[in-house]
Amino acid sequence: MTTAARIPADQLACLVNAETQRLAARMVQDVFAGTFRQAASADGAPDVAVLGEVAAHCFDWCRTGGSDEARALRLALLISGLDQWGLAYTQAFNLEAIHALTALIGGLRTRLDARDDTLFQQYFAQIDDIESAAVDFKVELRRGIHLALWHAMVACETVEQVQGIVQPLGNMMLALDRRMPTLGWRLLADALANIQIALLSDIALKSPLVQEGTQQLFASLRHALPAERYQTIMAHAGQAVVAWQQASRHGTA
């Protein structure tokens, strides 16, 4: 587990602490879910009024930051997260675009003046370029994305549908690991641990189709990742699962 010992410090934690980063990731998930539902139920044209209300809510939350830098970083977290959710869903479901999401992100950006936009772009690039930047946000965000797609696989009714989700999900995980050679293992371990916990905690998820799809996902990662890397990921995930089981037995999970 030597990989786990080399976790660089988060350079952005002084502006947005770990708890707020995790809150931002959960906000992103809620906002994306609502936006995606609107896109799926509408005739393709974004509801400008609804998106305006959502953008105002997001912007109000960003304004609660304690400085111009903190406010810009909060917005960078939200837009970075929405971008990643949108990319994941367009890849997983073969979508050309999610127009409501594009409109929402545009609405958030247009509220910035020149100075704030410069700060926003600085932090947006830092989040993307530096692995340890906003790492708690990244862990929470990718957990949500990977679990949402895994649950989409759970809802599938045929082997073909399952494979249609498992393949892009596995590819996303591998791409994340390549993009984050130092910390990607941590994000993958967290997601895989939560998948295993979901299987253990919900008897409805123990169907042969779900088991087969999950086994295919784990097998594809084992095949594609270097052996030591995969073992590190699974060891860390296993520790999280054991901790959850122990907490469950003591009624603290």
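Proximity of L119 to L75: side-chain heavy atoms (C-beta onward) are nowhere separated by under 4.5 Å. Inter-residue side-chain proximity for D68 and R71 is flagged as met; some heavy-atom pair is nearer than 4.5 Å. By the 4.5 Å heavy-atom criterion applied to side chains, Q38 and H99 are not counted as neighbours. Considering only heavy atoms from C-beta on, W150 stays 4.5 Å or farther from I165 through its side chain. Two residues are said to be in side-chain contact when any heavy atoms from C-beta on lie closer than 4.5 Å; I98 and W85 fail this criterion. Within the 4.5 Å cutoff, no side-chain heavy atoms of M173 are placed close to those of I145. Within the 4.5 Å cutoff, side-chain heavy atoms of Y230 are placed close to those of L221. Between M172 and L149 the shortest side-chain heavy-atom distance falls below 4.5 Å.
Residue L183 holds its CG atom at 11.0 Å from CG of L188, rounded to the nearest 0.5 Å. To the nearest 0.5 Å, the span separating CD on Q121 from CZ on R109 amounts to 5.0 Å. We find the SG-CD1 distance between C62 and I79 to be 8.0 Å, quoted to the nearest 0.5 Å. Summarising the geometry, atom CG belonging to L87 is positioned 10.5 Å from atom CG belonging to L101; distances are rounded to the nearest 0.5 Å. With rounding to the nearest 0.5 Å, the separation of CG in L225 from CZ in R178 is 9.0 Å. Going from atom CG of L199 over to atom OG of S207 covers 9.0 Å, rounded to the nearest 0.5 Å.
When hydrophobic clusters are built by joining Ile, Leu, Val, Met, Phe, Trp and Tyr residues whose side-chain heavy atoms come closer than 4.5 Å, directly or via intermediates, M234 is not grouped with V242. With hydrophobic clusters built from ILVMFWY side chains whose heavy atoms lie under 4.5 angstrom apart, L187 does not share a cluster with I130.
F137 approaches L77 most closely through the heavy-atom pair CZ-O, 3.1 Å. Here the closest non-hydrogen pair linking A55 and L108 is O-CD2, 3.6 Å. Between D177 and G184, the closest heavy-atom pair is OD1-C, 4.1 Å. Among all heavy-atom pairs drawn from L141 and G81, the shortest one is CD1-CA, 3.7 Å. Minimum interatomic distance between E131 and K138 (heavy atoms only, all atoms of both residues): O-NZ, 3.1 Å. The two atoms that bring A134 and L12 nearest to each other are N-CD1, 4.1 Å, heavy atoms only.
The closest side-chain donor-acceptor pair between Q216 and S220, if any, does not fall under 3.5 angstrom. For the residue pair T64/R74, the side-chain donor-acceptor check at 3.5 Å is satisfied. No donor-acceptor contact under 3.5 angstrom links the side chains of S80 and D83, judged on distance only. Using modelled atom types, one finds no donor on one side chain facing an acceptor on the other under 3.5 Å when comparing N171 with Q91.
Between V162 and the options E157, E212, M153, a side chain to side chain contact (heavy atoms under 4.5 Å, CB included) holds for only M153.
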Notebook entry, point to check: Please walk me through it: do R179 and D128 pass side-chain contact (heavy atoms from CB on, under 4.5 Å)?
Noted result: CA-CA 10 Å; R179 185 163 182 78; D128 190 52; 2.7 Å; yes
Next item on the list: Take E140 and Q29 through the test side-chain contact (heavy atoms from CB on, under 4.5 Å) and record every step on the way to the result.
Entry: CA-CA 10 Å; E140 189 86 14; Q29 182 166 357; over 6 Å; no
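Q21 places a side-chain N or O within 3.5 Å of a backbone atom of D136 that can act as its donor or acceptor partner. In this structure, the side chain of Q167 does not engage the main chain of Q163 through any donor-acceptor pair within 3.5 Å. Side-chain atoms of T90 do not come within 3.5 Å of backbone N or O of A97 as any donor-acceptor pair.
Counting non-hydrogen atoms of other residues, nucleotides and ligands closer than 6.0 Å to CZ of R63 gives a total of 12 or fewer. By the neighbour-count criterion of 12 heavy atoms within 6.0 Å, atom CD of Q122 is densely surrounded, having more than that number from other residues, nucleotides or ligands.
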Atom pairs and distances, side-chain donor-acceptor, residues 190-197, under 3.5 Å, sequence neighbours left out:
residue: D190; atom: OD1; partner: R143; partner atom: NE; Å: 2.6
residue: D190; atom: OD1; partner: R143; partner atom: NH2; Å: 3.4
residue: D190; atom: OD2; partner: R143; partner atom: NE; Å: 3.4
residue: D190; atom: OD2; partner: R143; partner atom: NH2; Å: 2.8
residue: N194; atom: ND2; partner: D190; partner atom: O; Å: 2.8
residue: Q196; atom: NE2; partner: L192; partner atom: O; Å: 3.4

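Using bins of under 30°, 30° to 60° and over 60° for the plane-to-plane angle, the ring pair F36/F32 lands in the parallel bin.
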